[in-house]
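Everything numeric in this text was worked out from a predicted model, so none of it was measured. Letters go in sequence order (proteins before strands), and every chain restarts at 1.
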Amino acid sequence: MTDTLDRPFAPAEIETQCYARWEVHGLFQPKGSGTPYCIMLPPPNVTGTLHMGHAFQDTLMDILTRVHRMRGERTLWQPGTDHAGIATQMLVERQLVQEGGDRHQMGRGAFLERVWQWRQESGGHITRQMRRLGASCDWSRERFTLDSGLSHAVTEVFVRLHDEGLIYRGKRLVNWDPVLRTAVSDLEVISEAEQGSLWHIRYPLSDGTGALVVATTRPETLLGDVAVAVHPDDPRYAALVGKTLRLPVMNREIPIIADDYVDPEFGSGCVKITPAHDFNDYQVGQRHSLALLNVFTPDARIRDSIEVFGNDVVAGEIPETLRGLDRYAARKQILALLAAENLLERTDEHQLMVPRGDRSQAVIEPYLTDQWYVRVAPLAEPAIRAVEEGRIRFVPENWSKTYFDWMQRIEDWCISRQLWWGHQIPAWYGPDGKIFVARREEEAQSEAARHYGMPVALERDPDVLDTWFSSALWPFTTLGWPEKTPDLAQFYPTSVLVTGFDIIFFWVARMIMMGLRFMDDVPFREVHVHGLVRDAEGQKMSKSKGNVLDPIDLIDGISLEDLVAKRTRGLMQPQMAARIEKATRKEFADGIPAFGTDALRFTFAALATQGRDIKFDLKRVEGNRNFCNKLWNASRFALMQTQNPADLEGVRELLPPERWIIGRLQHCEAAVNSAIDQYRFADAAHALYQFFWNDYCDWYIELSKPVLREGSPFTPAQQCGTRNTLLRVLEAGLRLMHPVMPFLTEELWQRVAPMIGESGDSIALAPYPVADLARVDADADADTEWLIAVIRAIRSVRGEMDISPGKPLPLLLQAGDTHDRERVERYQSWLFALSRLASLEWLGADEEAPPAALQLVGDLRVLVPLAGVINVAAEQARLAKEQQRLEQDRAKTVAKLGQESFRSRAPAEVVAKEEERLRELDAALLQLGEQARRLALL
RNA sequence: GGGCGGUUAGCUCAGUUGGUAGAGCGUCGGCUUUACACGCCGAAUGUCGGGGGUUCGAGCCCCUCACCGCCCACCA
């Protein structure tokens, strides 16, 4: 005896305890001896919070994980978090600034302590949020990129790559963030078009015979100019190549050189060359053996004196008025100086690409420094081959093209960062600057002692590694590498990586390179690339736009006031607050209701169409919340019908509707399994929704009612079959839906499964349904579909004629074949109940029917007599419309069949189908025509 | 400049070997039918961006144009 479910479906109540129970029972640890299946969680920022992108991605991974776990595979979803070097350090530094402090005052040790403390405070937040989402990670194996184990692995990789000559230290131009005062990689620089100016500056010829006009967007770098370049074939300047110019402001002589790099069409066709402050100029400088003159300090102020690299050059004195000025102040000042000397020819409005750091938003400066690099070419080559040869498959496939494009042009990777939070580089410097790379300081020291012939004091490189360096190792370091652990043997290569396209370069490509290098195998066999979650207008969600939705708010709900407060708090641009508040009040006038986790997850799945960005619409969550409610109530119904256990035992006879719904379930199971295996989550969600709502609820439950009703004419065996089917189909459906909607299905399954003798700790460990298409019964399907068609025909008359649903109707049937007669006989109970009939009578073939509304089900005439209930004019209008529709179809069909080429070239079966259609249309039109005539006589 | 994706019902989107277009939401009409009003029943709605081609037949294949979006790229 089972208690019935409470009336309203309340997600909050069932979700919270459920997860705790799963975790306590260790349900998410790999079990059994099945095929290993493993997904690596892309480690989120340890101090971060869950955003919609995470929630979406986590939902997809959890669906996959749960399906495979239920299939009996040895399944591991490996969780962990990332130290997120720059992001976390910036955050803590901002906290310090608010407290009036500064990391440099604090010193490295104290600062790091402070960051660890922050990690301690906020570290568990995002993983707690993932639990709210139902993510079935094995938390007992949670890792953090700065754990000692992972840190050792990072050092090991660094040392090995260095020993193999794949990591080197070099001085070159890097992308320098002058606000953070660190180098960043190419990928961390975002170039965007901004409005600026193009200044045309006259550089006088040394011999006083005139001047060349140079166009530049960055006049402040003029101080470091070492040449002016023209195109070798440019006739305007051919004679001048080799001559010298007087560099304004600095009054230094610089040569005019010829180089292909110059586009004669652009500006004046003369380019100032500043090798230390521009990537192109650097190249030109290399080709022409020019000196590099650095004029900036690390925070992009003008130096007191020029720093010279390369050739001996008399760089000259920087005018005192410029020293120490910020680059933009210096720009202004230099322009003023030029204007004063009448060397500024003109200033044009000009759109240019401005490089900014993705974290700091500071304008990035090409800057000459010593950094550590990974020589990428030897790693990229096998990584390209792995995808070419199909050992890694991108889904959707087209992303492999993006991958190839990037990998084929990849440049060496700058991996050192001038930060404190991260893996400190295992390199030590001797007194003469000689580098000792080692796993431990003692190792470096003994090596140094050997080298110098005596012990010396070494200084460790203060820099840390790019966060992505440790992320690149994630698939094997989390499994225990460099130890040869059983986990590593079992779960590497992992099965699939689920990720957004935005980190294909940052992460995916680097994992492939590192995995192949250190594990000699790919890190994952498939990469499923999903789209971005955007707001309802298609805008990217961002704090500054104030359009961010918090997944937890969709689960628990939030009041309008709280939402407004949340969105306007802590803005970088506080002046946006008013606008954000207004938009928020308009879009969420009543706040956000609590939809529950399952509704949110179902929505993510339903929106996850192949590779496309998602416009997130609250209406969809609401609709799916309703679906959850439907599931809840349908289960209530099934349980109410089966309260007496005795009713479920004994002989069972399955009626055609039972056999039909069992068949529908098989089709649904096949569709869902196939969709999941192809990462077509939307298809899976759709199949579940349509099966459960349209087939099970709308039809099967309704069809079960006449059987189970009191005073029903059905035998106990038939009723027993119906009751069992109600439960068994529901139970299988719950298992089928569980990966998408884990909480609700667990709650319901715990009540439903025992009724049919199934039980277990959790639905999460119950077997995933597999379709058995042998259970599809074509006869039962045909009968049930016929029954549904007849009921629909009658309901349609009701609807269109505005007959009250409660009013019992007399029904007349005519024509049809023996099959129809048998079916009417067999399905009378259902016909009477589901279409509310008062009576049912057959008319003879030649018998004149009374005035009636006509519907056709194949050749069967379904007549609802007009007397007293029907508006003749309305029925006539309906008939006319129907006739018109059929006429149009008929005309098309006739035209097609009339084409000789169609008959001769189309496959016979297509032609036959077309002929059959024509026959049906003709028959239907005949019927409708006669009916119209009859009504006209009234 | 190169590459990728998109353009289908009022809105958001499906549409997997080419065979007369589907869903959700919204809209309209009717319902206290004892699982569910977070519901039930019924209905309406599309020159599938434009043009051309291949084919008996094109939303789907080919070419071309337009517009939108994204990624990459050293034009000062």
Side-chain angles (χ1 to χ4, degrees), chain A residues 4-5 7-9 191 198 214-218 221 229 261-263 265-274 278-284 350 352-353 366 396 398-399 401-402 405-406 409 501-502 504-505 531-532 536 538 593 595 599 606-607 609-617 619-620 622-641 674 678 680 682-683 686 689-690 697-698 701-702 705 709 792 795-806 833-834 836 888-889 892-893 896 899-907 909-911 913-914 917:
Chain A
T4 50
L5 299 170
R7 199 15 239 301
F9 155 62
S191 285
L198 187 61
V214 165
T216 182
T217 56
R218 304 213 47 203
T221 63
Y261 154 68
V262 180
D263 174 5
E265 306 295 313
F266 189 90
S268 60
C270 303
V271 185
K272 67 196 246 343
I273 302 298
T274 324
D278 183 284
F279 289 103
N280 291 311
D281 293 6
Y282 181 86
Q283 300 292 335
V284 176
H350 180 68
L352 70 160
M353 297 300 280
N398 57 294
W399 287 107
K401 191 171 168 59
T402 305
D405 284 352
W406 190 68
R409 285 175 315 158
F501 57 83
D502 48 333
I504 288 183
F505 306 143
L532 234 59
F595 293 120
L607 291 174
T609 52
Q610 290 284 32
R612 211 148 119 144
D613 283 359
I614 289 174
K615 285 191 196 174
F616 194 84
D617 183 357
K619 281 286 187 191
R620 290 296 293 266
E622 187 182 333
N624 294 137
R625 187 267 322 258
N626 296 351
F627 180 60
C628 292
N629 184 240
K630 190 79 179 170
L631 182 50
W632 182 262
N633 283 299
S635 303
R636 281 181 64 221
F637 176 82
L639 291 169
M640 281 166 69
Q641 298 303 320
S674 144
Q678 295 171 78
R680 301 184 68 107
D683 288 359
H686 184 248
Y689 190 97
Q690 114 83 31
C697 292
D698 288 351
I701 284 188
E702 295 308 318
K705 288 177 182 174
R709 174 166 305 168
R792 280 217 168 106
R795 284 176 177 173
S796 176
V797 171
R798 250 186 222 284
E800 295 201 39
M801 296 299 115
D802 276 353
I803 304 167
S804 158
L834 272 67
R836 289 248 161 179
Q888 277 172 5
D889 282 1
K892 274 191 228 165
T893 307
K896 198 175 235 183
Q899 270 182 292
E900 181 44 39
S901 52
F902 174 70
R903 288 184 172 280
S904 58
R905 313 196 71 146
E909 60 190 63
V910 173
V911 177
K913 204 169 128 195
E914 221 43 48
R917 178 197 297 284

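- Separation of the P atoms belonging to B/A23 and B/C40 is 15 Å when rounded to the nearest angstrom.
- With P as the reference atom, B/U54 and B/C63 are 15 Å apart, rounded to whole Å.
- As rounded to the nearest Å, B/G42 and B/U33 have C1' atoms that lie 15 Å from one another.
- Using a 4.0 Å heavy-atom distance criterion, A/E702 is classed as a base contact.
- The shortest side-chain heavy-atom distance between A/F501 and A/T402 does not fall under the 4.5 Å cut-off.
- Across every non-hydrogen atom of A/R620 and A/A606, the tightest pair is NH2-CB, 3.8 Å.
- Residue A/R836 contributes atom CZ, which lies 11 Å from atom P of B/U32 at whole-angstrom precision.
- Residue A/D698 places its side chain closer to B/C41 than to any other of B/C41, B/A76, B/G30.
- Rounded to a whole angstrom, the distance from the P atom of B/G18 to that of B/G51 is 24 Å.
- The interatomic distance linking A/R709 (CZ) with B/U33 (P) rounds to 13 Å, in whole Å.
- Judged by distance alone, the side chain of A/R636 and the main-chain N or O of A/W632 form no donor-acceptor pair under 3.5 Å.
- Per the geometry, NZ belonging to A/K892 stands 21 Å off P belonging to B/C56, to the nearest Å.
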Protein-nucleotides 7-15 of chain B N/O pairs under 3.5 Å:
from: B/A14; atom 1: OP1; to: A/T609; atom 2: OG1; distance (Å): 2.9
from: B/A14; atom 1: OP1; to: A/R612; atom 2: NE; distance (Å): 3.0
from: B/A14; atom 1: OP2; to: A/R612; atom 2: NH1; distance (Å): 3.4
from: B/A14; atom 1: OP2; to: A/R612; atom 2: NH2; distance (Å): 3.3
from: B/G15; atom 1: OP1; to: A/R680; atom 2: NH2; distance (Å): 2.7

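- Distance check on atom P: B/U7 versus B/C48 gives 14 Å, rounded to whole Å.
- Shown here for A/F595 and A/R625, the closest heavy-atom pair between the two residues is O-CG, 3.6 Å.
- Here the side chains of A/W406 and A/I504 are not in contact, with every heavy-atom distance at 4.5 Å or above.
- Residue A/R409 places its side chain closer to B/A73 than to any other of B/A73, B/C71, B/C25.
- Note: CG (A/L631) to P (B/A35) measures 17 Å, nearest angstrom.
- In the set B/G39, B/U33, B/C71, the nucleotide with an atom closest to the side chain of A/N626 is B/G39.
- Rounded to the nearest Å, the gap between the P atom of B/C62 and that of B/C71 is 26 Å.
- Comparing atom distances between the A/K913 side chain and each of B/A35, B/U20, B/C75 picks out B/U20 as nearest.
- Of the possible donor and acceptor atoms, one in the side chain of A/S635 sits under 3.5 Å from a partner among the backbone N and O of A/L631.
- Judged by distance alone, with hydrogens and angles left aside, the side-chain atoms of A/R798 form a donor-acceptor pair with the main-chain N or O of A/S804 at under 3.5 Å.
- Residues A/D683 and A/H686 are not in side-chain contact: their nearest non-hydrogen atoms beyond the backbone lie 4.5 Å or more apart.
- The backbone N or O of A/D278 lies less than 3.5 Å from no partner atom in the side chain of A/R218, so there is not a single donor-acceptor pair.
- For the C1' atoms, the distance linking B/G15 with B/G46 amounts to 14 Å, nearest Å.
- Nearest nucleotide to the A/F902 side chain, out of B/A76, B/G30, B/G19: B/G19.
- Atom CG of A/N629 and atom P of B/G24 are 17 Å apart (whole Å).
- Between A/E900 and A/R903 there is no salt bridge, since none of the side-chain N atoms of the basic residue sits less than 4.0 Å from a carboxylate O of the acidic one.
- We find that NZ of A/K705 is positioned 11 Å from P of B/C40, with the value rounded to whole Å.
- A/M353 places its CE atom 10 Å from the P atom of B/C71, with the value rounded to the nearest Å.
- Nearest nucleotide to the A/D802 side chain, out of B/G29, B/G42, B/C56: B/G29.
- In this entry the distance linking CG of A/L532 with P of B/C70 reads 11 Å, nearest Å.
- At least one cation-pi condition fails for A/K630 and A/Y689: the charged atom is not both under 6.0 angstrom from the six-membered ring centre and inside a 45 degree cone around its axis.
- Secondary-structure stems of RNA chain B, taken as three or more successive Watson-Crick or G-U wobble pairs (i with j, i+1 with j-1) under a 3.5 Å distance threshold, comprise B:1-7 with B:66-72, B:10-13 with B:22-25, B:27-31 with B:39-43, B:49-53 with B:61-65.
- With C1' as the reference atom, B/C74 and B/G59 are 42 Å apart, rounded to whole Å.
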